[in-house]
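To start, the structure itself, in structure tokens.
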Amino acid sequence: MKYLQLIINGIWHRNPVLIIGIGLCPTLAVTTSVSNALWMTLAATFVLVSSNILVSSIKNIVPSHIRIPIFITIIAAFVIVVELTLKAFQPEVDKALGIFIPLIVVNCIILGRAEEFAQKNTIISSLFDGIGMGLGLGFALILLALFREVLGANKLLGYTLFPGMEPSLMMIMAPGAFFTLAFILWAMNAIKYRQNK
Amino acid sequence: MEIKVLFMILISTIFINNYVLSQMLGLCPFCGVSKKIDSAIGMGVAVIFVMGMASFITYLAYKYLLVPYEIVYLRTLTFILIIASLVQLVEMIIEKTSPPLYQALGIFLPLITTNCAILGVTVLNIESGFITAELGLLKTVVQGIGAGIGFTLALLLMAGIRERLEAADVPENLKGLPITFIVAGLLALAFLGFSGMKI
């Protein structure tokens, strides 16, 4: 029950992107299509879960004043694993995500969870926290990508939706990303406001 | 001739491929430190400085350490460690040599380690193929500094607008992040105009 709560927290109550507002760079940059968003979710969740497990299993032997460099090294090692795996088996995905794969290292969500959760909790809770936060990130990424791909490319998962309709190119580019996120955060604020009333 | 190439790199990193508004890197400090113009200037100067230094050192490390020993796959790990220790070093040097500068930049320096624009620019330097190019080191440093200036420009524009927004009557649910992103979107739309520039 406790573990289910951790997952629900990650997806909704403490959603890293939509509620806390961290990890924004990959959120905006890779959501040009739903498949990119899915791959990014997979990559980031793998790193998040693995680093959470490792950090939580070595929490008693890490000296607290040099913990941040140790965490960053652990995260970077897992990112290299993802980078090389994608390069070997999914070269197209690697090309589409580009520098945002190495940039998972500096994603605030992963370091944030290591610092805030994994180094204080058991391995099993850290595992579920990682999964929950990963799903939360995925929820935000896919929500954004849905709007942007449908409006900006007139496609969904690569299939054309409305033949003959001219898509609005702006939605695929940077301004569209900012506007979409702004409207989603606006809607989230409105939902929170209603619940509090 | 080379001067012209360097100038082109500078212009394209500042305006055409602005790191924040068209490549969407470094958004956390862009949202976090853009409330006041003073702190935006402090953050901007610190970022320009660290980006220039980081470009310089990562270039040397990649060319003379990673490539000869065939451990290029350790790029991400090496670069993030270089950036983290560089930031720490710069912080200590500034603290010793110039207390007023430390007072102004001090609080921004630790934040820079997790600024993805810094790691982004060092990785992009490598992917632009400057390693094998003629005068690669100079081009790398120019691209690093240009990226920093572009970041500062975006941050300053944003801070100026947000100072005005304080006085504006924004709907309750739009306050905070949503209105910031709408402003950022409008700025990005304006910067899209530069993409037609031919140099």
Side-chain angles (χ1 to χ4, degrees), chain A residues 17-32 68-69 72-84 87 98-108 110-112 169-170 173-194, chain B residues 17-32 73-81 83-85 88 110-127 171-192 195:
Chain A
V17 180
L18 300 177
I19 305 283
I20 309 179
I22 54 175
L24 295 168
C25 309
T27 309
L28 291 177
V30 304
T31 48
T32 48
I68 300 287
I72 290 187
T73 315
I74 290 173
I75 296 168
F78 285 117
V79 170
I80 291 175
V81 172
V82 170
E83 224 182 326
L84 292 179
K87 267 207 179 78
I99 65 161
F100 287 94
I101 292 290
L103 287 185
I104 296 177
V105 179
V106 280
N107 192 324
C108 340
I110 298 172
L111 190 61
L169 205 59
M170 185 199 81
M173 286 144 107
F178 287 119
F179 289 136
T180 317
L181 186 61
F183 286 118
I184 290 176
L185 290 175
W186 187 9
M188 291 295 289
N189 276 353
I191 293 172
K192 271 192 286 182
Y193 182 75
R194 290 235 173 123
Chain B
N17 293 319
N18 187 291
Y19 269 65
V20 182
L21 295 171
S22 82
Q23 307 215 20
M24 294 178 277
L25 289 167
L27 286 169
C28 303
F30 180 67
C31 299
Y73 59 87
L74 287 180
R75 181 183 70 184
T76 313
L77 183 62
T78 321
F79 284 11
I80 189 72
L81 289 179
I83 292 169
S85 42
Q88 202 79 59
L111 289 177
I112 287 181
T113 315
T114 51
N115 182 343
C116 58
I118 312 269
L119 185 62
V121 76
T122 56
V123 172
L124 276 178
N125 281 336
I126 303 300
E127 301 203 336
E172 185 60 41
N173 290 333
L174 259 180
K175 274 182 185 154
L177 273 184
I179 189 73
T180 312
F181 276 114
I182 289 182
V183 172
L186 292 172
L187 278 177
L189 209 53
F191 268 72
L192 214 56
S195 62

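All values below were derived from every heavy atom in this structure, side-chain atoms included, with hydrogens, water molecules and symmetry-related copies excluded. Chain identifiers are assigned alphabetically (A, B, ...) following the order of the sequence lines, protein sequences preceding nucleic acid strands; residue numbering begins at 1 within each chain. All values derive from a computational prediction rather than experimental measurement.
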To the nearest 0.5 Å, how far apart are [atom1] in [X] and [atom2] in [Y]?
X	Y	atom1	atom2	result
B/Tyr73	A/Leu84	OH	CG	8.5 Å
A/Ile99	B/Thr122	CD1	OG1	8.5 Å
B/Leu119	A/Asn107	CG	CG	11.5 Å

Where on [X] is there a heavy atom nearer than 4.5 Å to chain A: the side chain, the backbone, both, or neither?
X	result
B/Leu187	neither
B/Leu74	both
B/Gln23	backbone
B/Leu25	both

Which pair of heavy atoms, one from [X] and one from [Y], lies closest together, and at what distance?
X	Y	value
A/Leu103	B/Gly120	CD2-N, 3.6 Å
B/Leu77	A/Ala77	CD1-N, 4.5 Å
B/Met24	A/Ala174	CE-CA, 3.9 Å
B/Val20	A/Phe178	O-CZ, 4.0 Å
A/Pro175	B/Gly185	CB-O, 3.7 Å
B/Ile182	A/Phe179	O-CE2, 3.5 Å

### Task
Check each atom of A/Ile80 against the heavy atoms of chain B and say whether the ones under 4.5 Å are side chain, backbone, both or neither.
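Contact with chain B: side chain only.
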### chain B contact via A/Leu111 - side chain, backbone, both or neither, heavy atoms under 4.5 Å
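The side chain, not the backbone.
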Which pairs of donor and acceptor atoms, one on a side chain in residues 186-194 of chain A, lie under 3.5 Å apart (sequence neighbours left out)?
from     : atom 1 : to       : atom 2 : distance (Å)
A/Asn189 : ND2    : B/Asn173 : O      : 2.8

### Message
Restricting to salt bridge (Lys or Arg N to Asp or Glu O under 4.0 Å), what partner residues turn up for A/Lys87, sequence neighbours left out?
### Response
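Here no residue qualifies.
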